[in-house]
Amino acid sequence: MNVHEAITKHSNAQHMHLVHFAELDAQREEAIEAAVELCRRGLPFTVDAINDVTAKIIAHAKEGISPLRSYVTEDMVRDYVNKG
């Protein structure tokens with residue numbers, strides 16, 4: 001493999017890593033919105049779905065260049081809703 005091919009392969013791998021991160025991050029945002037909506041309506045909610053995706057993001061970040069995301073607590077969701 002020549003240098004150009006090696007660089008292209010590496011670049012493509014990084015791109016795919018970031019594409020997968022974006023997919024996971026979108027899933028996380030959807031889960032956050034669902035929890036926020038339930039909280040706004042005064043209904044019971046959990047952060048389990050949010051944190052399940054967060055764990056996948058953290059594991060994925062160990063394999064490449066994507067950013068990390070923090071775990072979310074129910075209090076964090078309540079605080080966000082109460083400030084909005």
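Note that the structure is a prediction, hence the values are computed from the model and not measured.
Expressed to the nearest 0.5 Å, how far SG of C39 lies from CG of N82 amounts to 6.5 Å. A distance of 5.0 Å separates CG in N51 from OG1 in T54, rounded to the nearest 0.5 Å. Rounding to the nearest 0.5 Å places CD of E30 at 9.5 Å from CD of E33.
Applying the 4.5 Å side-chain rule to ILVMFWY residues, one finds I32, V36, L38, L43, F45, V47, I50, V72, V77, Y80, V81 in the same cluster as M76.
Contact between R28 and S70 at its shortest, heavy atoms only, is NH2-O, 2.6 Å. Taking both residues in full, the closest heavy atoms of H17 and S66 are given as NE2-OG, 2.9 Å, listed atom of the first, atom of the second, then distance. Of all the heavy atoms in A61 and P67, the pair that sits closest is CB-O, 4.0 Å.
Aromatic ring pairs are classed by plane angle as parallel below 30°, tilted from 30° to 60° and perpendicular above 60°; the pair H60 and H20 is perpendicular.
Between K9 and E5, no side-chain nitrogen of the basic residue sits less than 4.0 Å from a carboxylate oxygen of the acidic one, so the salt-bridge criterion is not met.
Contact check for F21 versus R69: side-chain heavy atoms found under the 4.5 Å cut-off.
Linking ILVMFWY side-chain heavy atoms closer than 4.5 Å, directly or via other members, places L68 and I65 in two distinct hydrophobic clusters.
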